[in-house]
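The block underneath contains the structure these notes are about, expressed in structure tokens.
Every chain is numbered from 1, with letters handed out A, B, ... down the list of sequences. Predicted model only: the values in this text are computed from it and were never measured.
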There are 2 protein chains.
Amino acid sequence: LGENEVNMSNPTAAMLVIGDEILSGRTRDANMHHLAQELGARGITLAEVRIVPDIHERIVAALDDLRAAYTHVFTSGGIGPTHDDITADAVGAAFGLTVDIRDDARAILAAHYARTGLELNAARLRMARIPQGATLIENPVSSAPGFTIGNVHVLAGVPAVFQAMVAGVLPGLTGGAPLLSQSLDIARGEGEIAAALGDLAARYPDLSLGSYPWMRGGVHGTQIVVRGTDGARLDAAMVDLAGLVS
Amino acid sequence: LGENEVNMSNPTAAMLVIGDEILSGRTRDANMHHLAQELGARGITLAEVRIVPDIHERIVAALDDLRAAYTHVFTSGGIGPTHDDITADAVGAAFGLTVDIRDDARAILAAHYARTGLELNAARLRMARIPQGATLIENPVSSAPGFTIGNVHVLAGVPAVFQAMVAGVLPGLTGGAPLLSQSLDIARGEGEIAAALGDLAARYPDLSLGSYPWMRGGVHGTQIVVRGTDGARLDAAMVDLAGLVS
């Protein structure tokens with residue numbers, strides 16, 4: 001299992017999932033897989049994911065690690081109206097910025113709650129608490145905005161909102177060459193083809209060769225996935241691969 | 001979204017997922033959710049998850065961070081027969097231990113391949129490379145063992161094998177009080193009940209109160225999840241909760 005390397009010549013990104021509900025086993029994370037695919041298509045390498053609990057110091061520490069190490073950081077979760085939605089404060093603390101109710105965010109919420117006939121109470125106003133100087137990210141689903149400050153993009157955890165915010169943010173980021181992939185299924189176990197595969201990987205250091213075992217109807221096999229940004233190199237590796245294992 | 005706190009009085013654990021295939025978006029991780037639930041039932045708090053690429057230095061650095069911070073570390077992935085299965089070497093490097101083919105692991109593989117009629121070739125022998133002094137973890141699915149060294153448990157990434165290894169390791173670990181949970185669905189939005197919920201959370205600092213919005217057939221609602229290790233306290237909080245939101 002695994003591969004040579006990820007593509008580190010492209011811009012890089014990390015994801016920080018803020019959520020006790022994932023760590024406790026209540027919820028399966030649904031956002032990581034979506035972000036991984038969207039970033040890959042845009043030529044941004046997802047290079048690390050961390051999941052931390054809803055604890056201020058842990059969020060700040062992870063933010064400081066990740067924003068120093070990668071081009072972009074995407075957070076998910078913790079920007080709702082309840083007592084435990086503490087992401088905005090943690091991001092403010094990491095950047096040393098004041099976090100308070102902002103007029104632009106309040107106006108968005110006021111318009112939304114006027115439309116829906118619900119009261120913009122104190123809890124909902126918490127969702128207008130945005131670090132000073134941050135740029136709002138539109139939320140076309142439920143209005144409460146995310147925000148970008150420096151290289152950190154703060155998104156909601158609810159999957160429909162997370163996805164809408166990703167769609168809003170990504171077009172504004174500089175991508176690299178999109179990550180391309182080709183795959184070949186071989187009805188032989190990993191152990192049979194490992195040596196040939198290792199040789200191939202050594203001859204294509206610019207590509208990432210992954211091997212993933214499978215079993216179907218009692219037959220053991222391997223899926224080889226070749227990834228890279230140069231389509232001609234991928235084509236050449238696939239031809240060599242087919243020759244090696246035939 | 002989110003909660004008060006995780007239970008940090010129980011033993012803690014971190015999970016380190018080693019896998020370019022997760023970061024590239026090819027594969028959805030299936031092991032984290034399983035481990036989270038198994039640890040919770042045993043009274044071990046899953047306190048952090050990291051996903052890193054198949055890069056030696058990145059694996060070693062994450063291992064060093066996590067094994068210093070938590071009671072246990074569980075890794076998944078990177079212990080197969082191919083060129084990119086580098087987890088054993090990374091764990092050996094983190095602990096400063098020699099990694100070589102070990103007789104006990106070789107005997108397990110030899111018996112397995114004798115049974116299946118396949119050759120124990122050089123690639124498959126790589127799966128007998130185990131750090132000096134590590135204790136083997138049985139693999140009842142496909143024989144190639146995992147291992148425990150210090151507080152680090154090195155498991156396979158293939159879900160069926162990962163789960164079997166978790167079942168083998170957990171009974172040997174000292175757990176705390178199992179994490180209990182109760183939940184209540186309320187047909188009101190998070191913003192309606194946030195103030196009452198915050199008050200309740202403040203009165204039960206020993207419990208974790210999470211709120212998770214949902215929408216069904218156009219109705220917005222919230223699921224409140226109360227978690228803790230003292231069943232009587234959970235019962236009391238649920239009674240108070242029902243009273244607060246009725």
Checklist outcome for this item: One should read off an interatomic distance between B:Leu46 CG and A:Ser24 OG, to the nearest 0.5 angstrom, of 9.0 Å
Checklist entry - Do you know which of A:Ala62, A:Ala195, A:Ala194 has the most heavy-atom pairs with chain B at a distance under 4.5 angstrom? => result A:Ala194
Next on the checklist: For A:Gly191, is there any backbone N or O sitting under 3.5 Å from a side-chain donor or acceptor partner on B:Asn121?
Outcome noted: yes
Item to check | Beyond-backbone contact of B:Met32 with A:Ile51, side-chain heavy atoms, under 4.5 angstrom | outcome: yes
Item to check | Test item: B:Arg50 and A:Val49 side chains (from C-beta on) under 4.5 Å apart, heavy atoms | outcome: no
Checklist entry - Rounded to the nearest 0.5 Å, how far apart are OG1 of A:Thr12 and CG of B:Leu23? => result 12.0 Å
Next on the checklist: Could you check whether any side-chain heavy atom of A:Pro213 comes within less than 4.5 Å of a side-chain heavy atom of B:Val158, counting everything from C-beta outward?
Outcome noted: yes
Checklist entry - For chain A, which of B:Ala14, B:Ser183, B:Ala36, B:Gly40 has the most heavy-atom pairs under 4.5 Å? => result B:Ala36
Checklist entry - Are side-chain heavy atoms of B:Gln223 and A:Glu21 found at a separation under 4.5 Å? => result no
Next on the checklist: Against A:His83, only a single residue in B:Leu197, B:Leu200, B:Asp199 fulfils side chain to side chain contact (heavy atoms under 4.5 Å, CB included); can you say which?
Outcome noted: B:Leu197
Item to check | Value rounded to 0.5 Å, distance of OG in B:Ser211 from CG in A:Asp85 | outcome: 6.5 Å
Next on the checklist: Distance check, rounded to the nearest 0.5 Å: B:Leu209 atom CG versus A:Asp20 atom CG?
Outcome noted: 11.5 Å
Checklist entry - Can you check whether B:Arg28 reaches A:Arg28 side chain to side chain, under 4.5 Å on heavy atoms? => result no
Item to check | Side chain, backbone, both or neither of A:Thr27 within contact of chain B (heavy atoms, under 4.5 Å) | outcome: backbone
Next on the checklist: Could you check whether atom NE2 of A:His220 has more than 12 heavy atoms from other residues, nucleotides or ligands sitting under 6.0 Å from it?
Outcome noted: no
Item to check | Contact class of A:Ile22 relative to chain B, heavy atoms under 4.5 angstrom | outcome: both
Item to check | Test salt bridge (charged side-chain N to carboxylate O under 4.0 Å, His left out) applied to A:Glu190 and B:Arg124, step by step | outcome: CA-CA 9 Å; A:Glu190 275 195 300; B:Arg124 289 177 172 135; over 6 Å; no
Item to check | Among the listed options A:Glu119, A:Glu38, A:Glu192, A:Gln37, the residue most often paired with chain B at heavy-atom distances under 4.5 Å | outcome: A:Glu192
